[in-house]
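I have placed the structure first, in the form of structure tokens, so that the comments after it can refer back to it.
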Amino acid sequence: MTVGFPPTATRLTTREDYENLVDRYDTWLFDCDGVLWQGDTLIEGITEVLHFLRTHKKSVMFVTNNATKSRKNYMKKFDGLGVEAHVDEIFGSAFASAVYISSVLKLPKDKKVYVVGMSGLEEELREEGISFIGGTDPDDNVLGGYSLADFTTDPSVGAVLCGLDTHVNYKKLSKAFNHLLRNKDCVFLATNTDSTFPTAEGLLPGAGSISAPLRYSLGRDPISIGKPAGTMLDCIRAKHDYDPKRTIMVGDRLNTDIEFGKNGGLATLLVLTGIAKEAEVFGPNPSSTVPDYVTESLGDFRVLIS
């Protein structure tokens with residue numbers, strides 16, 4: 001019996017390595033946090049590399065699990081950092097969640113969504129004509145305990161949607177829990193299940209940590225919309241025609257970005273400016289998720305600019 005060797009990642013080191021990659025792929029999908037920027041700090045060389053790809057007729061898209069911002073809000077961030085981007089190139093988990101609810105779940109117009117999340121998520125739901133409660137409603141953003149004596153099930157709530165919520169509290173979780181517990185037809189959704197969220201100063205709990213109390217108390221998992229689920233790729237495919245064999249996903253997380261690319265039959269490039277560490281790929285106990293290529297930073301592609 002022939003024993004197969006586990007796949008290994010190719011480390012990009014030479015100008016020829018980067019040149020071959022640009023020649024091989026026509027469509028480039030980029031994660032944002034940890035790939036293009038860290039918090040509000042742009043990673044060195046990003047604007048030059050993206051401009052280089054565009055001038056070489058590459059299709060550029062931005063695929064992020066951050067559900068705190070709508071596409072319009074993301075445009076403000078791109079503009080503020082001096083990075084060229086267009087609204088139809090941005091695919092966030094907030095947008096994908098709204099599209100999923102309207103186009104896949106086909107939530108009836110007389111139903112609404114209970115939101116554990118922030119204004120960017122609400123904006124995308126509003127754009128899709130989806131009614132919602134919770135979220136940034138001042139009545140739900142209060143500290144303190146919560147009594148079921150104050151709760152009445154709203155039969156019009158057809159789904160609970162959890163995203164990153166920096167104002168999450170016991171009242172929101174209790175309402176979300178009871179809508180799901182008392183209504184067997186209420187759908188449990190998560191914008192994504194990232195355990196952490198990268199900032200310029202370090203890691204913070206991610207959207208997956210927000211839905212975790214509900215997962216534990218209900219004893220079931222939500223339908224996850226963002227990476228690595230294929231729903232996000234379906235959203236992209238609905239808007240852009242691309243050849244998976246000529247498409248590469250660039251990300252900083254193995255369990256989301258790289259898995260997302262692999263699940264979609266895309267090539268994958270891991271950058272080390274975010275979550276993943278070099279030892280997870282090349283160390284003595286590497287991850288079972290192996291990217292096709294690894295480079296220190298997306299800015300390394302500047303070797304092609306002369």
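When a residue number appears, it is its place in the shown sequence, counting from 1.
For the atom pair CD1 of Ile223 and OG1 of Thr193, the computed distance is 12.5 Å after rounding to the nearest 0.5 Å. Between the CZ atom in Arg71 and the CZ atom in Phe62 there is a gap of 14.5 Å [rounded to 0.5 Å]. In this structure, CG in Asp33 is found 9.5 Å from CD1 in Ile43, a value given to the nearest 0.5 Å. Taking CD of Glu19 as the reference point, atom CG of Leu21 lies at 11.0 Å (rounded to 0.5 Å). In this structure, Ser211 OG and Phe188 CZ are separated by 5.5 Å, a value rounded to the nearest 0.5 Å.
Remark: His86 NE2 is packed, more than 12 non-hydrogen atoms of other residues, nucleotides or ligands lying under 6.0 Å away. The 12-atom threshold is not exceeded at CG of Asp241, counting heavy atoms of other residues, nucleotides or ligands nearer than 6.0 Å. The 12-atom threshold is not exceeded at CG of Asp40, counting heavy atoms of other residues, nucleotides or ligands nearer than 6.0 Å. Within a 6.0 Å radius of CD in Glu44, other residues, nucleotides and ligands contribute 12 heavy atoms or fewer. Heavy atoms of other residues, nucleotides or ligands lying less than 6.0 angstrom from CZ of Phe282 number more than 12.
Salt bridge present: Glu278 and Arg11 bring a charged side-chain N and a carboxylate O closer than 4.0 Å. In this structure, Lys239 does not pair ionically with Asp88, as no charged nitrogen and carboxylate oxygen lie closer than 4.0 Å.
Taking the six-membered ring where the residue is Trp, Tyr25 and Trp28 present perpendicular rings, their angle passing 60° and hence far from 30°.
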Show every donor-acceptor pair shorter than 3.5 Å between a side-chain atom in residues 231-238 and any protein atom, with sequence neighbours excluded, or say none if there are none.
unit_1	atom_1	unit_2	atom_2	d
Asp234	OD1	Arg237	NH1	3.0
Arg237	NH2	Tyr242	OH	3.2

Going by atom type alone, with no hydrogens or angles, which donor-acceptor pairs under 3.5 Å involve a side-chain atom of residues 156-169 and a protein atom two or more places apart or on another chain?
unit_1	atom_1	unit_2	atom_2	d
Ser156	OG	Lys112	NZ	2.6
Ser156	OG	Asp154	OD1	2.6
Ser156	OG	Asp154	OD2	3.4
Asp165	OD1	His167	N	2.8
Asp165	OD1	Val168	N	3.2
Asp165	OD1	Lys172	NZ	3.3
Asp165	OD2	Gly117	N	3.1
Asp165	OD2	Lys172	NZ	2.6
Asn169	OD1	Lys171	N	3.1
Asn169	OD1	Lys172	N	2.8
Asn169	ND2	Asp140	O	2.9
Asn169	ND2	Val142	O	3.2

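Results of the side-chain hydrogen bond (donor to acceptor under 3.5 Å, both in side chains) test with Lys227 over Asp194, Thr64, Asp31, Asn65 single out Asp31 as the only residue that passes.
Judged by distance alone, the side chains of Ser297 and Asp300 never bring a donor and an acceptor atom under 3.5 Å apart.
Listed by first and then second residue, the ring-ring contact (aromatic ring centres under 6.0 Å, His included) pairs that reach into residues 139-165 are Phe151-His179, sequence neighbours excluded.
With hydrophobic clusters built from ILVMFWY side chains whose heavy atoms lie under 4.5 angstrom apart, Tyr114 shares a cluster with Ile210.
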